[in-house]
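Here's the structure, in structure tokens; my notes come after.
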Amino acid sequence: MGGTITVNYAMGEEILRRADGYAAEADRHCGTLRARDLPYTGWVEYASRLTDGELAEIKALAEVIRRKCTVFAVIGIGGSYLGAKAAADFIDGGRGSKREKDAPRLVFAGFNLSGSYHERLIEEIRDEEICICHISKSGGTAEPSIAFLALKRLLTEKYGEAEAGRRIYAVTDAENGVLRAEVREKGYKSLVIPADVGGRYSVLTPVGLLPMAVAGIDIGQVIEGAKASSAPALMRAAKRLACVRRSIQEEGKTVEVIGAFEPFAAAFTDWILQLYGESEGKDGKGMLPVGVGLSRDLHSLGQFFQEGNQVFCETLIDIANPPGDIVVGADGGFYAGKRMSSLNAAVRAGMIEAHRSVGVPIVTVGVTDASAHCFGMSVCFFEMVCAVTGLLMGVNPFDQPGVEAYKKEMMRVLRRES
Ligand code: PA5
């Protein structure tokens, strides 16, 4: 097992030259992060500090869950949901091929307040053997708390209170929050989110590792990939990308279009959108990260990209060896005999040429494959890119004061109505 990440830049020399000017500062920030001299940097090289015993504890709990259920409902939002969803979809292309056929199916809840979504989910899983896991660092976030109540009710109706309690799991803070208090009161099995790791940087802690292990993903390989991300070449690549992103902002670009050419990487793109958006979008700064699915969106937004307002740059995620392929049949005319993956590569090359010709700065992040190893490596790579970019911009990449505003307003609306 191995794999690596390579980054290619298709953009004007001036952007790259200006990026060189940030190199020394990026080195300093990277050093500060690796020394964990800032609050909420517990995610930095977390994989290297994770002990065999801690990994074994997660695997053992996953094994118990796997024996009990056919459906594992993961309840969480933002950083407590997107990483597990990204991993489940991305690793091995989300297919059972390399995983055991009888692994429980992961379903996700609590990332919206849609009654329709949750009613339908409950109907869909009602006759399955179910376990649920509430993942929340604060333990009090509205969306997952409401979904937790609904799914707990389903379990209690189906199994009775005692057995329901044995099918409920939690991943939360060690000490604080209403979820931890409920765990203590009801005796649910639980794992801990490290206090010094913020939500969107938590995918390689029990937040993401438990759902991955339940789904049959080799979390040992995920962790090995994460450790490999601190190799000097990858650290250099991450710092360089941070410098280039900083320089692109100085060019006046206010939007970063991010996308992959594989649908199995769509949730991984969503995870990056949160990581970049919530870490960098503050103090009136940052580029708005916008997700696209490729080549699909070349047939809609492609017009804008080619001829519209040039406020954006592009970051493309390219998985070099996707886990499946098809050869076009003999009746395919010009395309006959070609692998679909080579057509996908051609569309990517065509997009880069066409957009570059009108001055769009384009970054391509190439990942060897969709293995567990490459997933772990990619997560750490983008986390480092994001944190260093934020520090180069002069913002705190680890807080999110802005997300409180809508919550306050929502509570005002609810109080007015009651
Ligand atoms: O990155 C973050 O901190 C947020 O996206 C949180 O993960 C999200 O708001 C969920 O919070 P919690 O885990 O406390 O329920």
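Order of listing sets the numbers, starting from 1, for every ligand and every atom in it.
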Please determine which of His134, Glu182, Glu161 meets the side-chain hydrogen bond (donor to acceptor under 3.5 Å, both in side chains) test together with Lys152.
Glu182

Among all protein non-hydrogen atoms, which one is nearest to atom 1 (O) of ligand 1, and what is the separation to 0.1 Å?
Arg200 N, 2.9 Å

Whether Phe111 and Tyr81 hold their rings parallel, tilted or perpendicular, with breakpoints at 30° and 60°
parallel

Tell me the protein heavy atom at minimum distance from atom 3 (O) of ligand 1, and give that distance in Å.
Gly199 N, 3.5 Å

So the atoms of ligand 1 within less than 4.0 Å of a heavy atom of Lys137 turn out to be 12 (P), 13 (O), 14 (O)

Please state which protein non-hydrogen atom is closest to atom 5 (O) of ligand 1 and give its distance, to 0.1 Å?
Gln274 NE2, 2.5 Å

Note the single closest protein heavy atom to atom 15 (O) of ligand 1, along with its residue, its atom name and the distance in Å.
Thr141 OG1, 2.5 Å

Tell me, which protein residue and heavy-atom name are nearest atom 9 (O) of ligand 1, and how many Å apart are they?
Ile77 CG2, 4.5 Å

Residues in ring-ring contact (aromatic ring centres under 6.0 Å, His included) contact with Tyr40, at least two apart in sequence or another chain
none

How are the rings of Phe72 and Tyr169 set relative to one another: parallel (under 30°), tilted (30 to 60°) or perpendicular (over 60°)?
perpendicular

Does the N or O separation between Lys407 and ligand 1 drop below 3.5 Å for any pair?
no

Check the side chains of Thr389 and Tyr276 for a donor-acceptor pair under 3.5 angstrom, ignoring hydrogens and angles.
no

Can you confirm whether the side chains of Thr141 and Ser138 place a donor and an acceptor under 3.5 Å from each other?
yes

Under the ring-ring contact (aromatic ring centres under 6.0 Å, His included) test, which residues partner Phe268, sequence neighbours left out?
Phe90, Trp271, Phe375, Phe382

Side chains of Thr364 and Asp318 only: does a donor on one sit below 3.5 Å from an acceptor on the other?
no

Atoms in ligand 1 with a heavy atom of Gln400 nearer than 4.0 Å
3 (O)

Can you tell me the protein heavy atom closest to atom 13 (O) of ligand 1 and the distance?
Ser80 OG, 2.6 Å

Taking atom 7 (O) of ligand 1 as the reference point, the nearest protein heavy atom with its distance:
Gly79 N, 3.0 Å

What atoms of ligand 1 come within less than 4.0 Å of a heavy atom belonging to Glu278?
1 (O), 2 (C), 4 (C), 5 (O)

